[in-house]
Amino acid sequence: MPGERRAQLTHCAVAALAEHGVARATHSHVAERAGVSVSAVHSYFRTRDDLVSAALGEVEAYLLEIVSDSLGGSRPVYDALVLLATRFAQDAREKPDVIKVWLDWSTGVRADVWPRYLAVLDRLHEMAQKVFARGKREGLLADGLNLRAAARLYIGGGHTVALMQFAGVSRRELDAFIDQLVRCDLGIGMDVKVHG
C-alpha cells in the first residue's frame, strides 16, 4: 500500500539523516536502507528537499508530542520538567535516530532548514513557558522569573541531556544533571525538598 511504503521510506529517511546528516543524506542512502531502488524513493519524494522535509516532519512530530505529553496535564511542575528531560535521555537510547536528527538539525544555522527549526523551537518554548507560568500561578516560582528565558534554558538543557546520553555518562550523573537543571531553572534552592 502506498501509505505504508511512504511511512517505511520516511522512517528510512530519518535513519539516513541520522547517519549522514541533514545536509548530506540522499535518495540513494534511503534506497539502500529500505532495500528498494533509488527510483522507488524518487516516486515518493521527488526532490531531496521533499525527502528531507518528510524526515524532519517526523522529528518535528516527535518533539511536539513528547513535550506536549510530558509537560501537559496536571502533574506537579517539577515532576513534569524532570519527566521530559528524563525522556530525552531515554529516547537517545531507544530512538537514537530521531534524537540525532534533532541535534544535527539544531546546528544547521546556514541551511535552508534552519527557519523551520526555529519555528519548531518557538513552539517548544511556548509549551515550556506554559508550565513555568503554571508554577507562578501556583506560587511555586518567583514572580520575577522570566518565562521565556526559563523555557529557553530548559529546552536547551534537554538538548544537553541527549548529548550526555550519547556521550555515555552514567545514569547517576544524568539524574544529577536533570535535577540541577530543573531546580536552577525553577529558582529552587539546592537545599529545598520538592517531594512529599
Side-chain angles (χ1 to χ4, degrees), residues 11-25 33 55-56 58-109 117 120-121 123-132 134-135 140-142 145-196:
H11 178 75
C12 290
V14 171
L17 267 66
E19 181 179 353
H20 300 283
V22 173
R24 294 173 300 285
R33 285 187 166 278
L56 294 181
E58 288 291 307
V59 175
E60 179 177 345
Y62 158 80
L63 289 169
L64 295 173
E65 180 181 337
I66 192 174
V67 172
S68 175
D69 182 57
S70 299
L71 300 184
S74 60
R75 69 180 51 92
V77 172
Y78 174 88
D79 293 348
L81 294 171
V82 168
L83 174 63
L84 177 57
T86 302
R87 288 181 71 185
F88 280 141
Q90 176 183 329
D91 286 353
R93 289 188 312 272
E94 297 175 5
K95 301 176 184 180
D97 289 344
V98 173
I99 300 294
K100 286 177 183 177
V101 173
W102 172 40
L103 297 175
D104 186 44
W105 189 14
S106 74
T107 64
V109 294
Y117 179 75
V120 171
L121 192 59
R123 291 180 68 189
L124 300 179
H125 289 158
E126 287 170 10
M127 286 187 247
Q129 277 182 244
K130 289 179 182 175
V131 172
F132 291 113
R134 182 163 60 88
L140 302 171
L141 308 177
L145 182 73
N146 182 303
L147 298 178
R148 185 72 168 171
R152 287 179 185 274
L153 284 169
Y154 175 72
I155 296 297
H159 201 270
T160 300
V161 166
L163 291 171
M164 290 172 69
Q165 182 65 54
F166 284 127
V169 302
S170 70
R171 177 62 195 224
R172 184 176 178 178
E173 190 176 347
L174 264 173
D175 288 345
F177 177 83
I178 290 168
D179 180 65
Q180 190 161 340
L181 166 70
V182 173
R183 286 176 178 271
C184 288
D185 216 13
L186 294 176
I188 298 172
M190 298 304 290
D191 58 339
V192 176
K193 284 196 163 212
V194 293
H195 292 291

Heavy-atom count check: over 12 atoms from other residues, nucleotides or ligands less than 6.0 Å from Arg123 CZ?
no
I need the Arg87 CZ to Glu94 CD distance, nearest 0.5 Å.
10.0 Å
Look only at the side chain of Asp104 and the backbone of Val22, and say whether a donor-acceptor pair between them is shorter than 3.5 Å.
yes
Any side-chain heavy-atom pair of Val67 and Phe88 under 4.5 Å:
yes
Distance-minimising heavy-atom pair for Ala25 and Leu17
CB-CD1, 3.5 Å
Before giving the answer on side chain to side chain contact (heavy atoms under 4.5 Å, CB included), spell out for Leu81 and Leu181 the whole-Å C-alpha distance, their side-chain angles and the decisive distance to 0.1 Å.
CA-CA 9 Å; Leu81 294 171; Leu181 166 70; over 6 Å; no
Determine, step by step, whether Tyr154 and Val131 satisfy the side chain to side chain contact (heavy atoms under 4.5 Å, CB included) criterion, reporting the C-alpha distance in whole Å, the side-chain angles of both residues, the deciding distance to 0.1 Å, and the verdict.
CA-CA 11 Å; Tyr154 175 72; Val131 172; over 6 Å; no
Looking only at atom types and distance, does a side-chain atom of Arg75 sit under 3.5 Å from a main-chain N or O of Ser70, one as donor and one as acceptor?
yes
Please assess His11 against Glu58 for the test side chain to side chain contact (heavy atoms under 4.5 Å, CB included), listing each intermediate value before the final yes or no.
CA-CA 8 Å; His11 178 75; Glu58 288 291 307; over 6 Å; no
What one should report as the nearest heavy-atom pair of Ala92 and Gln165 is CB-CG, 3.5 Å
So which heavy atom on His159 is nearest to which on Ser106, and how close?
NE2-OG, 2.8 Å
For the residue pair Leu124 and Met127, establish whether any side-chain heavy-atom pair is separated by less than 4.5 Å.
yes
With side chain to side chain contact (heavy atoms under 4.5 Å, CB included) as the criterion, how do Leu103 and Phe166 come out once you've worked through the C-alpha distance, each side chain's angles and the decisive distance to 0.1 Å?
CA-CA 11 Å; Leu103 297 175; Phe166 284 127; 3.8 Å; yes
For the atom pair OH (Tyr78) and CG (Leu140), what is the distance rounded to the nearest 0.5 Å?
13.0 Å
So, for Asp97 and Ala15, which heavy atoms are closest and what is the spacing to 0.1 Å?
OD2-CB, 3.4 Å
Minimum heavy-atom distance between Val169 and Glu173, given as atom pair plus value
CB-OE1, 3.7 Å
What distance do Lys130 atom NZ and Ser68 atom OG have between them, rounded to the nearest 0.5 Å?
8.5 Å
Rounded distance (nearest 0.5 Å) linking atom CG of Leu174 with atom OG1 of Thr86:
8.5 Å
Measuring from Asp91:CG to Ile99:CD1, what's the distance to the nearest 0.5 Å?
5.5 Å
In terms of heavy-atom contacts, Val161 and Ala89 come closest through CG1-CB, 3.5 Å
To the nearest 0.5 Å, how far apart are CD in Gln129 and CG in Leu145?
10.0 Å
